[in-house]
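Note sheet for the following structure.
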2 protein chains.
Amino acid sequence: MPSSAKVPMPTLERLATYLTVLTDLKVRSIDTISSADIESRAGVNAAQFRKDLSYFGEFGRPGIGYNVNELHKRISRILKLDKTQPVLLVGAGNLGSALAGYPPLRAENFQIVAVFDNNPSKIDTKLWDLAIKDIEKIVSENETLQAKIGIIAVPSRVAQEVAEKLVEAKVSTILNFAPTMLKLPSGITARNVDFVQELAVLSFHLPND
Amino acid sequence: MPSSAKVPMPTLERLATYLTVLTDLKVRSIDTISSADIESRAGVNAAQFRKDLSYFGEFGRPGIGYNVNELHKRISRILKLDKTQPVLLVGAGNLGSALAGYPPLRAENFQIVAVFDNNPSKIDTKLWDLAIKDIEKIVSENETLQAKIGIIAVPSRVAQEVAEKLVEAKVSTILNFAPTMLKLPSGITARNVDFVQELAVLSFHLPND
DNA sequence: TAGATTGTTAATCGATTAACAATC
DNA sequence: TAGATTGTTAATCGATTAACAATC
């Protein structure tokens, strides 16, 4: 029942996976599932799944299983995906553009509310339906927007600098796509998405000729 | 000394992180570092770093530390990043386009050698310097190319189908950007990059108003 | 030599999974 | 009731870290 007991990071990551599976089950109009079903669909051990949920309360009925809609709703709630989250995007290059136009983000209630760049020739042009703004204005812009999540999609060499501006703009969590270790004040949560790292791990597993 | 003893996945992931740090040290012309330096720069415990390396042999000199260039070279070698790896990209949308034009990939010796899509209006047009080819031709195309790594950058609903084509084309490792659980034959290694999952974890950590 | 730092062992910590009483 | 499946405890497994002899 306690929602405050420290939740392991892997549990949190799997929660998002369960949501993906549950969304799919909803589409297929399946309305009850067991932890064993999850095991076969998500590749996560059934006991693991039940344990993960146990950090947040009771969700199923012994002998029956879980109601798909209810479980989806409750996990969304836990991950704070039940209401729209405003997000600041920094970097209007290829990657930033792809992120701003990425449908699954909207589907899960993340809304990019502003895009920033430092390139004068981009400032005041549009990225999809958003005006690209001067990165120097991020602090004042976010006074109104009040976004708490920031995405860094700029080259590595300026990522640290951008991170500091995001912190100044009162963002408290950062998703960093640049392959750099950010130095951040405590209290700021950051995650790195590193394509090259992912490919490197795959590369290691390649058969040796 | 054994390179074959099963290496933990987190070790492999950190190896790529070390490489990033080492590249940076090379740029700064620093040529010797200790595990304690790595701890402060990569945020990884010094003992952890030494343990990670120990799966692959001996790399440093007691009392001295590690030679930056040599360590970089050896880790590159371990991850098979010392020679160019050909990669097939499926999906010539926004994300595929961003990946194909992503400089760090080239910097680490990954080379996208072909792009495939199923959209007739895209086929035979160019994505950067590559001709977009019909996904139906992937098997025959890869007979010549012999790429072993595939990237899936298509919408979720077609990701499974694309994965199967990649397997048919004799790819053995897959990086999947679609938020779906792929069902793959054993022997195929896959990793998912899920932006929404990353954001969901951040979202969880958001202060409750 | 004295000081620094490695590679590795052993101790700790935490996450995964099996087992089962409770319950539908 | 008998069968199914949960939530949770306890056992297992594996990864992280501290400690230290070896060595530069």
Problem - Close side-chain approach of B:Ile151 and B:Leu88, heavy atoms under 4.5 Å - result: no

Exercise for the section: Give the rounded distance in Å between these two atoms: CZ of B:Arg61 and P of C:dG7. Expected result: 11 Å

Exercise for the section: Answer yes when A:Lys165 and A:Glu136 have at least one side-chain N-carboxylate O distance shorter than 4.0 Å, and no when they do not. Expected result: yes

Practice task
Identify whether NZ of Lys or CZ of Arg in B:Lys80 sits under 6.0 Å from the centre of the six-membered ring of A:Phe204 and within 45° of that ring's axis.
Solution key: yes

Practice task
Please determine if a side-chain N or O atom of A:Ser35 lies less than 4.0 Å away from the OP1 or OP2 oxygen of D:dT6.
Solution key: yes

Practice task
Spell out, as yes or no, whether a donor-acceptor pair under 3.5 Å connects the side chain of A:Asn176 to the backbone of A:Val193.
Solution key: no

Practice task
Report the relative orientation of the aromatic rings in B:Tyr18 and B:Phe49; use parallel for angles under 30°, tilted for 30 to 60°, perpendicular for over 60°.
Solution key: perpendicular

Exercise for the section: Determine yes or no for a side-chain-to-main-chain donor-acceptor pair under 3.5 angstrom, with B:Asp117 supplying the side chain and B:Ala92 the backbone. Expected result: yes

Exercise for the section: Give the nucleotide from the list D:dA22, D:dT6, C:dC24 with an atom nearest to the side chain of A:Ile64. Expected result: C:dC24

Practice task
State whether B:Tyr66 places a side-chain N or O below 4.0 Å from either non-bridging phosphate oxygen (OP1 or OP2) of C:dG7.
Solution key: yes

Problem - Inter- and intrachain pairs under salt bridge (charged side-chain N to carboxylate O under 4.0 Å, His left out), touching residues 41-56 of chain B, at least two apart - result: B:Arg14-B:Asp52

Handout entry: For atom CG of A:Asn67 and atom C1' of D:dT5, their distance in whole Å
Key = 15 Å

Handout entry: Axial cation check for B:Tyr66 ring with B:Arg61, 6.0 Å and 45° limits
Key = no

Handout entry: Gap between atoms CG and P, on A:Leu71 and D:dT5 respectively (whole Å)
Key = 16 Å

Problem - Summary of protein contacts for nucleotides 10-19 of chain D, nucleotide by nucleotide, where a base hit scores B, a sugar-phosphate-only hit scores S (4.0 Å, heavy atoms) - result: -----SSBBB

Exercise for the section: In whole angstrom, give the distance that lies between atom CZ of A:Phe59 and atom P of D:dT8. Expected result: 11 Å

Practice task
Treat a base pair as Watson-Crick or G-U wobble with both distances under 3.5 Å, then lay out DNA chain D in dot-bracket form, 5' to 3', with | for cross-strand pairs.
Solution key: ..||||||||||||||||||||||

